[in-house]
Protein chains: 2
Amino acid sequence: MPTHFKGTKKEIDSLNAFIKMTRASESINNRISRSLAESCGNLTISQFGILEALLHLGPSNQKDLGAKILKTGGNITLVIDNLEKRNYVTRETDPNDRRASIVNLTKEGEEFISGYFPEHVEKIVDEFSVLTSEELKELGRLCKKVGMKENN
Amino acid sequence: MPTHFKGTKKEIDSLNAFIKMTRASESINNRISRSLAESCGNLTISQFGILEALLHLGPSNQKDLGAKILKTGGNITLVIDNLEKRNYVTRETDPNDRRASIVNLTKEGEEFISGYFPEHVEKIVDEFSVLTSEELKELGRLCKKVGMKENN
DNA sequence: CATTGTTTGTTTAATGTTAAACAAATTGTA
DNA sequence: TACAATTTGTTTAACATTAAACAAACAATG
């Protein structure tokens with residue numbers, strides 16, 4: 001189902017790449033979302049993203065977490081609020097900059113995310129299992145190249 | 001900034017591809033969204049997707065439109081409602097299946113989407129301009145392959 | 001010091017999204 | 001025909017997301 005758009009080769013190829021990338025990404029993320037809701041007490045993909053970031057980056061302020069999961073500041077406030085209610089994270093004010101809150105994983109949050117992460121990885125491996133290992137690397141490389149064009 | 005996760009090569013490569021694909025897709029779609037809001041009277045990316053589908057597929061029922069833009073039925077109802085308020089589409093009941101509404105582009109909707117589409121395409125071309133034409137095609141091919149794995 | 005601008009996080013209002021429950025029309029099967 | 005199951009669209013409640021306005025802390029410059 002290529003686009004019916006009549007344009008230059010470059011336009012058609014760009015549009016096709018865009019549509020296919022969007023569809024692939026959204027359908028995978030929809031399935032991951034549903035898994036999280038089912039197996040993890042209605043955990044949101046944003047909440048999961050924050051936990052994941054904290055696990056791998058260590059304590060971080062909300063600004064950095066927002067940049068990491070590509071959400072706006074107001075949204076991060078709510079996501080952290082909800083994670084706090086679950087006792088998965090705590091906030092503490094940065095002594096070096098009292099505007100900033102440093103978000104920390106609690107013991108409970110750390111146990112949850114590190115325990116669930118392998119299962120999450122297996123789901124993703126399964127999603128990409130149609131690609132050869134060369135294709136997988138190439139896909140990563142190409143998406144990185146496109147994603148790097150952040151600054152326009 | 002590859003993931004700090006320790007796992008097999010396949011796990012790491014899958015996770016990297018997933019993260020990079022998600023980031024690339026979301027950051028591009030965020031920018032497209034913002035453009036639509038600014039230049040098109042707060043048109044939503046879902047609304048735009050529906051108009052685009054109608055332009056290229058012709059009149060379609062809500063079920064098919066939902067499948068096209070990967071949104072749930074209840075959401076399609078609202079999106080079509082909002083497009084109706086803008087006088088961009090109309091609903092008519094399918095004479096062959098009275099459960100179904102066939103959604104049509106109005107003259108106004110058709111003029112809007114076909115007039116704006118070239119500008120939209122240029123934005124996308126620009127987003128992917130960091131790739132060579134071979135890379136562009138390969139990205140499309142790989143995403144298609146991953147996206148086809150719909151049925152699990 | 002005072003002022004000005006920036007950064008960080010919060011709040012609010014408007015809207016989008018989903019899942020679940022539902023009604024109506026259709027289809028299949030006995 | 002009658003009955004059950006499916007399909008299509010709608011409604012509702014709960015929640016996520018954003019942009020905009022805001023307050024507090026910081027930084028820079030006079």
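Every chain is numbered from 1, with letters handed out A, B, ... down the list of sequences.
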Quiz item: Any donor-acceptor pair under 3.5 Å linking the side chain of B:Ser25 with the backbone of B:Met21?
Solution: no
Quiz prompt | Close approaches to DNA chain D from residues 82-93 of chain B, in residue order (heavy atom, under 4.0 Å) | solution = B:Arg91
Quiz item: Reckon A:Asn61 touches a base, only the sugar-phosphate, or nothing at all at heavy-atom distances under 4.0 Å?
Solution: sugar-phosphate
Exercise. Kindly write out the residues that satisfy side chain to side chain contact (heavy atoms under 4.5 Å, CB included) with A:Thr44, not counting sequence neighbours, or none if the list is empty.
Key: A:Ser46, A:Gln47
Quiz item: Tell me, do B:Ser60 and B:Leu54 make a side-chain contact under 4.5 Å, heavy atoms counted?
Solution: yes
Practice problem: Kindly state each residue pair satisfying ring pair (Phe, Tyr, Trp, His ring centres under 6.0 Å) with at least one member in residues 6-47 of chain B, sequence neighbours excluded. | Solution: none
Self-check item: Set of side chain to side chain contact (heavy atoms under 4.5 Å, CB included) partners for B:Asn30, sequence neighbours left out
Solution: A:Leu70, B:Arg34
Quiz item: Residues two or more places apart in sequence or in another chain: which of them pass side chain to side chain contact (heavy atoms under 4.5 Å, CB included) with B:Asn96?
Solution: B:Asp94
Quiz item: Considering only heavy atoms from C-beta outward, does the side chain of B:Glu52 approach that of B:Leu55 to under 4.5 Å?
Solution: no
Using atom types as modelled, flag every donor-acceptor pair under 3.5 Å from a side chain in residues 133-143 of chain A to any protein atom, sequence neighbours excluded.
unit_1   : atom_1 : unit_2   : atom_2 : d
A:Glu135 : OE1    : A:Thr132 : N      : 3.0
A:Glu135 : OE1    : B:Lys145 : NZ     : 2.9
A:Glu135 : OE2    : B:Arg141 : NH1    : 3.3
A:Glu135 : OE2    : B:Arg141 : NH2    : 2.9
A:Glu135 : OE2    : B:Lys145 : NZ     : 3.1
A:Glu138 : OE1    : A:Arg141 : NE     : 3.2
A:Glu138 : OE2    : A:Arg141 : NH2    : 3.1
A:Arg141 : NH1    : B:Glu135 : OE2    : 3.3
A:Arg141 : NH2    : B:Glu135 : OE2    : 2.9

Practice problem: Identify whether any heavy atom of B:Gln47 sits under 4.0 Å from a base atom; if not, whether one sits that close to sugar-phosphate; answer base, sugar-phosphate or nothing. | Solution: sugar-phosphate
Quiz prompt | Residues A:Glu127 and A:Lys123 bridged, charged N to O under 4.0 Å | solution = no
Quiz item: Just how far is it from atom CD1 of A:Ile102 to atom CZ of A:Arg91, taken to the nearest 0.5 Å?
Solution: 13.0 Å
Exercise. Give every residue pair that meets the ring pair (Phe, Tyr, Trp, His ring centres under 6.0 Å) criterion with at least one member in residues 118-138 of chain A, sequence neighbours excluded.
Key: A:Phe48-A:His120, A:Phe117-A:His120
Quiz item: Which angle, rounded to 10°, do you find between the first-five-pair axis and the last-five-pair axis of the helix from C:dC1-D:dG30 to C:dA30-D:dT1?
Solution: 20°
Identify all pairs in which a protein N or O lies below 3.5 Å from an N or O of nucleotides 26-28 of chain C, and state each distance.
unit_1 : atom_1 : unit_2  : atom_2 : d
C:dT26 : OP1    : B:Arg98 : N      : 3.0

Exercise. Sequence neighbours left out, what passes side chain to side chain contact (heavy atoms under 4.5 Å, CB included) with A:Glu111? Give chain and number order.
Key: A:Lys107
Look for any protein N or O under 3.5 Å of an N or O in nucleotides 17-19 of chain C and output each such pair with its distance, or none.
unit_1 : atom_1 : unit_2  : atom_2 : d
C:dT17 : OP1    : B:Ser46 : OG     : 3.1
C:dT17 : OP2    : B:Ser46 : OG     : 3.2
C:dT17 : OP2    : B:Asn75 : OD1    : 3.4
C:dT17 : OP2    : B:Asn75 : ND2    : 3.2
C:dT18 : OP2    : B:Thr72 : N      : 3.2
C:dT18 : OP2    : B:Thr72 : OG1    : 3.3

Quiz item: Quick one: does B:Leu43's side chain get under 4.5 Å of B:Tyr116's, heavy atoms only?
Solution: no
Quiz prompt | First-last contacting nucleotides on DNA chain D - partner chain B, under 4.0 angstrom, heavy atom | solution = D:dT7 to D:dA19
Quiz item: What does B:Thr77 touch in the nucleic acid at a heavy-atom separation under 4.0 angstrom: a base, only the sugar-phosphate, or nothing?
Solution: base
